[in-house]
Protein chains: 2
Amino acid sequence: MKTVNDVLDWPALIAAQPAASLIPETLRVSARWVEADAHEMLFLIGDPVRHVYLVIRGEARLVRLGRNGCEVILQRSRGGFIAEASLDSRTYHCDAIASEPTTLLLFPIAAFHAALEDVIVFRKTWQLQLAREIQKLRAQCERLCLHSATERIIHFIESEGSDGVLTLSQSRKSWAKDLGLTHEALYRALKRMQSDGRLEVEGNHLAIKP
Amino acid sequence: MKTVNDVLDWPALIAAQPAASLIPETLRVSARWVEADAHEMLFLIGDPVRHVYLVIRGEARLVRLGRNGCEVILQRSRGGFIAEASLDSRTYHCDAIASEPTTLLLFPIAAFHAALEDVIVFRKTWQLQLAREIQKLRAQCERLCLHSATERIIHFIESEGSDGVLTLSQSRKSWAKDLGLTHEALYRALKRMQSDGRLEVEGNHLAIKP
DNA sequence: CGTACTTTTGAATCGCATCAAATCTGGTGG
DNA sequence: CCACCAGATTTGATGCGATTCAAAAGTACG
């Protein structure tokens, strides 16, 4: 039988994907390799949880549709696990979509649980992963509680970037969604901040001026 | 030496505190018992992480002060762990305050880590705890991305309550902070929803009308 | 070259934040 | 028991800023 190890260059992946670096051999061989098209649904709300998803290339996002049909992003992952919190759930609480052509690894839940029990270093990494996700989400809640577009932008650059400098890894339109703003509001706020001399913009490179 | 077991009626606590139910004996005896006054700081941003905090009675909250001096709530815990995500951090990323007279258990970090390694059932409970926290935070981000006060209120009742009915366990003023609104906006939205016949309010009992 | 998408700008509207102040509440101490 | 105080609740008036709807210009890709 052909396994993931035949398809995948693990050493290269590990170099590129910190999250994958400590996946034990026993778990690797049980993984499934999946290529998803843009806009392809990975799972739907209510589906039974059968796999843990690791995004290798591209982007996957967790979304929920409000009653107005408006999409809300719960998680966005480029190179990392997605829906980690569903590891102990029976069914999914949201939908997962590939934003673009995306490569994923699917680990069967049972094997994943077994690896978490047996391999100490893997377990520690996993717990750290969960803690990081919590801190990231707390930062996002903090940001969304700010009332003005400008404040949210600054908060984002300061918490996601380093030293007031940040290189965006997404379009501004999707950034606007992360910030809980319309894209128009984001464009205007950015322009205002530029002309006020509070921000420097060069392509995807943003720098806060003191 | 006097231990926590002398002060604390564990069976009673366990009945009242699901989160405490699986704390192993070895960890229990190392716990410290703390009574905090209202507004007392439990730890400050930058403090080294020495303990894991479990709220027994009262309420503790994690906050961060924005540049405008406005307080943002990152976590609020009544009867459960607080700052779980700091278990693997060296220092705290936010302040912790007791909202009211509060009783806490403090578990030394080292003992906590040891218990996580040694006691399978405790470890599983802990991982579940982290996953639940992630899902709760995702729901909150989803809520904060809604643009109107009314939508946030409905979302909160539907996700935190059951079947469109919810009993508030906090003042409306602090609820407003959770919703990312001013208290005035919350009061007005509630009144509007009542007069529109979309919501029924009796003290802390809220019910969405279909 | 056409299609899909992002980026940008404009105008009108609405809702929330803000400031101010009155009332109500529970709890404390005299 | 009452006076008092801190905090929560409620109402009002005002202005700003984000949403919304609309549309044009730019950009990537097959």
Side-chain angles (χ1 to χ4, degrees), chain A residues 37-39 58-59 61 66 68-72 97-101 143-156 168-196 198-199 201-206, chain B residues 37-40 58-59 61 66-73 76 97-101 143-156 168-196 198-199 201-206:
Chain A
D37 296 330
H39 310 119
E59 181 186 279
R61 61 183 200 273
N68 45 9
C70 184
E71 178 182 280
V72 177
I97 308 178
S99 304
E100 48 192 274
R143 189 178 308 132
L144 291 172
C145 279
L146 300 175
H147 295 306
S148 82
T150 305
E151 285 178 306
R152 292 191 197 172
I153 290 168
I154 290 177
H155 184 288
F156 188 92
L168 272 185
S169 62
Q170 56 182 329
S171 75
R172 282 152 212 236
K173 201 172 177 181
S174 62
W175 186 30
K177 275 201 176 168
D178 281 359
L179 295 175
L181 298 170
T182 59
H183 59 277
E184 296 99 323
L186 175 58
Y187 288 127
R188 285 191 253 257
L190 284 175
K191 171 160 287 190
R192 203 182 323 126
M193 292 168 75
Q194 277 181 82
S195 55
D196 289 358
R198 282 184 291 168
L199 186 69
V201 181
E202 282 178 43
N204 280 337
H205 200 71
L206 306 175
Chain B
D37 295 331
H39 310 118
E40 188 174 329
E59 181 186 278
R61 59 183 200 272
R67 63 189 59 214
N68 46 11
C70 186
E71 178 181 281
V72 177
I73 298 180
R76 183 201 305 281
I97 309 178
S99 304
E100 48 191 274
R143 189 177 308 133
L144 292 172
C145 280
L146 299 175
H147 293 308
S148 83
T150 305
E151 285 178 305
R152 292 191 197 172
I153 290 168
I154 291 176
H155 185 286
F156 188 92
L168 273 185
S169 62
Q170 56 182 326
S171 74
R172 282 152 211 238
K173 202 171 177 182
S174 61
W175 187 29
K177 277 203 174 166
D178 281 0
L179 295 175
L181 299 170
T182 60
H183 58 279
E184 298 99 321
L186 174 58
Y187 290 127
R188 286 191 252 258
L190 285 174
K191 172 160 286 189
R192 203 182 325 125
M193 292 169 77
Q194 276 182 82
S195 55
D196 289 358
R198 281 184 292 168
L199 187 70
V201 181
E202 281 177 41
N204 280 337
H205 199 72
L206 306 175

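Order of the sequence lines sets the chain letters (A, B, ...), proteins ahead of strands, with each chain counted from 1.
Contact of the A:K191 side chain with the A:V201 side chain is not registered, since no non-hydrogen atoms from C-beta on lie closer than 4.5 Å. Counting only heavy atoms from C-beta outward, the side chains of B:E40 and B:I97 never approach each other to under 4.5 Å. Using a 4.5 Å heavy-atom threshold, the side chains of B:C145 and A:L144 count as touching. A:I154 places none of its side-chain heavy atoms less than 4.5 Å from the side chain of A:L199. Between B:E59 and B:R76, some side-chain heavy-atom pair lies under the 4.5 Å cut-off. Counting heavy atoms from C-beta outward, B:F156 and B:L206 have side chains that stay 4.5 Å or more apart. In this structure, the side chains of B:Y187 and B:T182 stay at 4.5 Å or more apart for every pair of heavy atoms.
In this structure, A:A149 and A:A189 approach most closely via the heavy-atom pair CB-CB, 3.8 Å. Looking at every heavy atom in both residues, B:L146 comes nearest to B:R152 through O-NE, 2.9 Å. Shortest non-hydrogen contact noted between A:L190 and A:R172 is CD1-NH1, 4.0 Å.
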For nucleotides 18-25 of chain C, 5' to 3', base contacts (B), sugar-phosphate-only contacts (S) and non-contacts (-) with protein non-hydrogen atoms under 4.0 Å give BBB-----

Within the 4.0 Å limit for protein heavy atoms, which parts of nucleotides 25-30 of chain D are touched? Write it as a string from 5' to 3', B for base, S for sugar-phosphate only, - for none.
------

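Here the C1' atom of nucleotide C:dT6 and the CG atom of A:L190 are 14 Å apart, to the nearest Å. Following rounding to the nearest Å, A:R172 (CZ) and C:dC5 (C1') show an atom-to-atom distance of 15 Å. Rounded to a whole Å, the CG atom of B:L144 is 15 Å from the C1' atom of C:dC16. Spacing between atom NZ of B:K173 and atom P of D:dG7 amounts to 8 Å, rounded to whole angstrom units. In this structure, A:Q170 atom CD and C:dC5 atom P are separated by 18 Å, rounded to whole Å. Nucleotide D:dG7 holds its P atom 14 Å from the CD atom of B:E100, rounded to whole Å. Note: CG (B:L179) to C1' (C:dA17) measures 15 Å, nearest angstrom. Separating the CZ atom of A:R192 from the P atom of C:dT8 is a distance of 15 Å, rounded to the nearest angstrom.
Residue A:A189 is out of contact with every strand shown, counting any heavy-atom pair closer than 4.0 Å. Here B:R152 lies out of heavy-atom contact (under 4.0 Å) with every strand.
A rotation axis mapping the C1' atoms of four pairs onto the next four is fitted at both ends of the helix from C:dC1-D:dG30 to C:dG30-D:dC1 over five pairs, and the angle between these axes is 50° to 10 degrees.
For the OP1/OP2 pair of C:dT8 and a distance below 4.0 Å, the side-chain nitrogens and oxygens of A:Y187 include no atom meeting the criterion.
The main-chain N or O of B:G180 is never found under 3.5 Å from a side-chain atom of B:R143 such that the two would form a donor-acceptor pair.
With hydrogens and angles left out, the side-chain atoms of A:D178 and A:Q170 include a donor and acceptor closer than 3.5 Å.
Counting only heavy atoms from C-beta on, B:K191 has its side chain closest to D:dT11 among D:dT11, C:dT7, D:dT10.
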